[in-house]
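Quick one: structure below, then a few questions.
Remember, it's 1-based here, ligands and their atoms both numbered in the order they're listed.
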Amino acid sequence: MSLSKNSPIGIFDSGVGGLSVLRALQTRLPHENLIYFADQARVPYGSRSLEEVRKFSEEITQFLLSKGAKIIVVACNTASAAALHWLREEFPEVIFVGMEPALKPATEHSRSGVVGVLATPATFQGRLYASLLDRFASNLTVLQSTCAGLVEEIERGALDGEKTRLILDEALRDMLDRGLDALVLGCTHYPFVMPLIAQICGDAVHIIDPAPAVARQVEYRLVSEDAISTHDAKGKIHIYTSGNAESLASTLPKLGFENFPVEKTTFK
Ligand code: DGL
């Protein structure tokens with residue numbers, strides 16, 4: 001298969017979470033054009049059924065392909081758990097890079113043998129997570145939290161709000177009391193609250209944001225397909241949302257981004 005080098009990389013998530021992956025892609029592959037789709041009309045995905053998330057992922061894949069995406073990054077742990085395997089079967093000619101909770105690096109960093117995972121209910125229910133536990137965590141104590149309500153706070157750009165603090169405090173306090181020393185951010189929204197998580201956890205806990213590893217994997221796939229952009233200029237970024245474009249545009253600076261153009265798009 002030959003990919004068009006200067007076509008954009010397509011990236012999607014239920015909302016702003018996948019922008020943590022976009023940020024890592026911008027750093028690693030600054031000359032690539034990026035198209036991002038946030039499904040904010042249907043966020044959060046984490047409490048939905050796997051079938052529903054699969055249907056949404058298919059629609060978004062079609063949309064990104066219609067915009068000429070040369071590779072698709074499923075920048076959402078929930079959509080990866082629900083749909084990645086299936087998307088690869090449904091679109092055999094497309095290269096997908098997805099997310100999975102980084103249990104392997106966590107086990108490598110943990111001395112105490114107590115590892116925490118923050119992810120959505122759907123991610124915890126998926127077969128992918130069960131197989132990660134089997135493969136990498138059989139000798140560990142793995143503590144889990146779904147941080148109910150946290151995705152919604154991050155969607156609002158409330159990275160340091162009172163409710164955000166309360167949710168994280170409640171999720172992490174018990175883990176810390178039980179000896180946690182490695183924490184996996186198993187939802188792409190959570191790297192945006194990394195400073196707060198680090199403040200609560202202190203220096204003794206190693207926190208794993210998988211975004212840089214995903215960006216490396218995207219680079220690896222593009223290099224193998226001889227599909228790296230030939231542009232010298234900084235890549236362009238275009239953001240689409242199924243929700244409210246103005247509201248997303250005003251949230252971007254709170255997440256550390258400049259004002260990218262945001263366009264609304266809806267599916268029939
Ligand atoms: N950012 C998503 C993830 O990585 C999902 C958040 C949600 O929509 O529940 O799982």
Rounded at 0.5 Å granularity, tell me how far CG in Asp134 sits from CG in Leu103.
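CG of Leu103 is found 11.0 Å from CG of Asp134.
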ring-ring contact (aromatic ring centres under 6.0 Å, His included): which pairs involve residues 134-189, sequence neighbours left out?
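Every pair satisfying ring-ring contact (aromatic ring centres under 6.0 Å, His included) with a residue in residues 134-189: there are none.
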Before you tell me yes or no, could you show the steps for Ile9 and Asn33 under side-chain contact (heavy atoms from CB on, under 4.5 Å), namely the whole-Å CA-CA distance, both residues' side-chain angles and the distance that decides it to 0.1 Å?
CA-CA 6 Å; Ile9 296 174; Asn33 291 332; over 6 Å; no
Which pairs pass side-chain hydrogen bond (donor to acceptor under 3.5 Å, both in side chains) with one or both residues in residues 245-258, sequence neighbours excluded?
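Sorted pair list comes back empty.
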Got a sec, which residues hit side-chain contact (heavy atoms from CB on, under 4.5 Å) with Ser145, two or more places apart in sequence or on another chain?
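For Ser145 the side-chain contact (heavy atoms from CB on, under 4.5 Å) partners, ignoring immediate neighbours, are Leu118, Cys147, Ala171, Met175.
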Neighbouring residues of ligand 1, heavy-atom cut-off under 4.0 Å:
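These residues qualify: Asp13, Ser14, Val43, Pro44, Tyr45, Gly46, Cys76, Asn77, Thr78, Thr120, Val151, Cys187, Thr188, His189.
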Proximity of Tyr45 and Phe56 rings by center, below 6.0 Å
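Yes, ring centres under 6.0 Å apart.
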